[in-house]
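This report refers to the structure that appears directly beneath it.
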Number of protein chains: 2
Amino acid sequence: MKSINIALIQHSFKKNKQDTINCTIDLIKKASGNGADLVCLQELHTTEYFCQSENVEFFKYAESFDNDIEYFSKIAKDNKIVLVSSLFEKRAKGLYHNTSVVFDKDGRVAGKYRKMHIPDDPGFYEKFYFTIGDNEFKPIDTSLGKLGVLICWDQWYPEAARLMTLGGAEILIYPTAIGFDRTDSKEEQQRQLEAWIGVQRGHAIANGVFVAAINRVGFESFGDDGIIFWGNSFIFGPQGELIAKAGDKEDEIVQMTLDMDRISQVRNIWPFLRDRRIEFYNNIMKRYID
Amino acid sequence: MKSINIALIQHSFKKNKQDTINCTIDLIKKASGNGADLVCLQELHTTEYFCQSENVEFFKYAESFDNDIEYFSKIAKDNKIVLVSSLFEKRAKGLYHNTSVVFDKDGRVAGKYRKMHIPDDPGFYEKFYFTIGDNEFKPIDTSLGKLGVLICWDQWYPEAARLMTLGGAEILIYPTAIGFDRTDSKEEQQRQLEAWIGVQRGHAIANGVFVAAINRVGFESFGDDGIIFWGNSFIFGPQGELIAKAGDKEDEIVQMTLDMDRISQVRNIWPFLRDRRIEFYNNIMKRYID
């Protein structure tokens, strides 16, 4: 593809699953109407971010995984878009994943990615809900090319970004649910937001790829002190140039046409992939070098 | 160490080696007088950045490698500092390295690091002068703790930053010589500068370490169109927070006291090292996943 029109759908949780999905669909239709080829949704977009507490009741959301796939398949087909969704997957009884399902323009499932790095921090008790993915870090092949779909906590790991790049991905896509703890100082909140943007910008630069993160907005409280999701969904270009960024409060579509030739231009002047010292990287497979 | 006073010495080339060294020494003394524990010099700080052309005459600079070590050993000892130098090493006839030699406060050589990633781009013909390093990516142990010494082009490689972190480095230090091509547009120059800062900021965040880069300033022309070295030497903290940054034109000492406890604080709230999926990283050792 020479160019791809990408749309990131950022929104708040609308009090229940149905209203939230309705909001998502309205925004998808709008993006599609504006020429989107590729629409990317935020992490666990059909529901609240339920991982704020450890509660077995929430496993009910994973029961509808197959129905959710069927539903969003139709949405992709109806809108003629490649669609990056983020769903709660029941794989077996008592075995769940945080899974992105990617649909092609004809509605077929192009691929799935099960979140590989799972966080567990106050307000983000994901290790209770999701087992770690057992797929490779492998891009998903679509009619728009290879998409490096990763999820939220993966965004802090240069290894994941590099592996997707080596696998041929030209856009890294991170459905995300991240926000502020209200009890943190303004300065700490600002540092966290900037770190979140900064580390992903680093992936764009180091790999010469586009990077898109789609984050939710709005305050949600289902335990602890609640989370103020900070929005700021963004797209960086392969030289780390900011292409677009959303605000921190409103539902928003971030939509831009990406010039995919830019990747070759940037990599040809800064050929980082040429000079990797792969014969000296083996210790990356260690937990720590004691 | 609970805290380390670090000084980065940024300066221009002073027309010849002796005058340039004299300038460096003056700045080192000043930094030491202001309480520096650790002084870091820019890449190939004793001379011009001669890699702008391929010229066998410049190998003469490597002849004095042993003398240079002796000289800077004494400087470290006299000033009671850990000193990160960057020298042109003759290892054997016709075999040269771009090498950082690190001296401890007593003048002994704490360790050497031979640049592992070697660039070769118009104006930066380093593959002509330097063979690739054959050391591991291993921090250098000093009385101030383990230093993750890397050099310039290494700064674009997340693998190098990660390996130094896994080896226990708490500060990554990059002696650097990077600048603008005068024929590039202002916008391109700005993007390059921001990418250079951004990728290293990413290393700080992803690894929870301090990152310091020491770059030269001033215009040097020994071939092609010359290079305007862009200075901007900087220090980032382990959350990617900017601690200090130099300007783009003047000789300057960037000096700050680093609170080393900050690393534990940041890593404890964002424990990225905990969740690495090392059993799925093996493809990083591939050139490309075809």
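Letters go in sequence order (proteins before strands), and every chain restarts at 1. FYI, side chains are in, hydrogens and waters are out, and symmetry mates aren't considered; it's all heavy atoms of this structure.
For chain B, the nearby part of A:F137 is the side chain; its heavy atoms alone come within less than 4.5 Å. Both the backbone and the side chain of A:Q192 come within less than 4.5 Å of a heavy atom of chain B. Both the backbone and the side chain of B:I269 come within less than 4.5 Å of a heavy atom in chain A. Both the backbone and the side chain of B:F272 come within contact range of chain A, with heavy atoms under 4.5 Å apart.
Taking CZ of A:F280 as the start and CG of B:N135 as the end, the distance is 7.5 Å to the nearest 0.5 Å. If you take CE on A:M285 and CG on B:N283, they are separated by 9.0 Å, rounding to the nearest 0.5 Å. Here A:K286 contributes atom NZ and B:L163 contributes atom CG; the two are 10.0 Å apart, rounded to the nearest 0.5 Å. To the nearest 0.5 Å, atoms OH (A:Y281) and OH (B:Y281) are separated by 16.0 Å. Note: B:E241 CD to A:E187 CD = 12.5 Å, rounded to the nearest 0.5 Å. To the nearest 0.5 angstrom, A:D134 atom CG is 8.0 Å from B:R277 atom CZ.
Note: A:P271 leads A:G202, A:P271, A:G237, A:A204 in heavy-atom pairs under 4.5 Å with chain B. No other option in A:A195, A:A161, A:G168 has as many heavy-atom pairs under 4.5 Å with chain B as A:A195. Per-residue counts of heavy-atom pairs under 4.5 Å with chain A were compared for B:G198, B:P119, B:G133; the largest is that of B:G133.
Here A:D120 does not pair with B:R274 in a salt bridge; the nearest charged N to carboxylate O distance is not below 4.0 Å.
Put simply, the side chain of B:K138 does not reach to within 4.5 Å of the side chain of A:I289, judged on heavy atoms. Within the 4.5 Å cutoff, the side chain of A:R201 has no heavy atoms near those of the B:R201 side chain. The shortest side-chain heavy-atom distance between A:D275 and B:K127 falls under the 4.5 Å cut-off. In this structure the side chain of B:R276 reaches within 4.5 angstrom of the side chain of A:I284, judged on heavy atoms.
Contact residues of residues 153-160 of chain B toward chain A are B:W153, B:W156, B:Y157, B:P158, B:E159 (heavy-atom distance under 4.5 Å).
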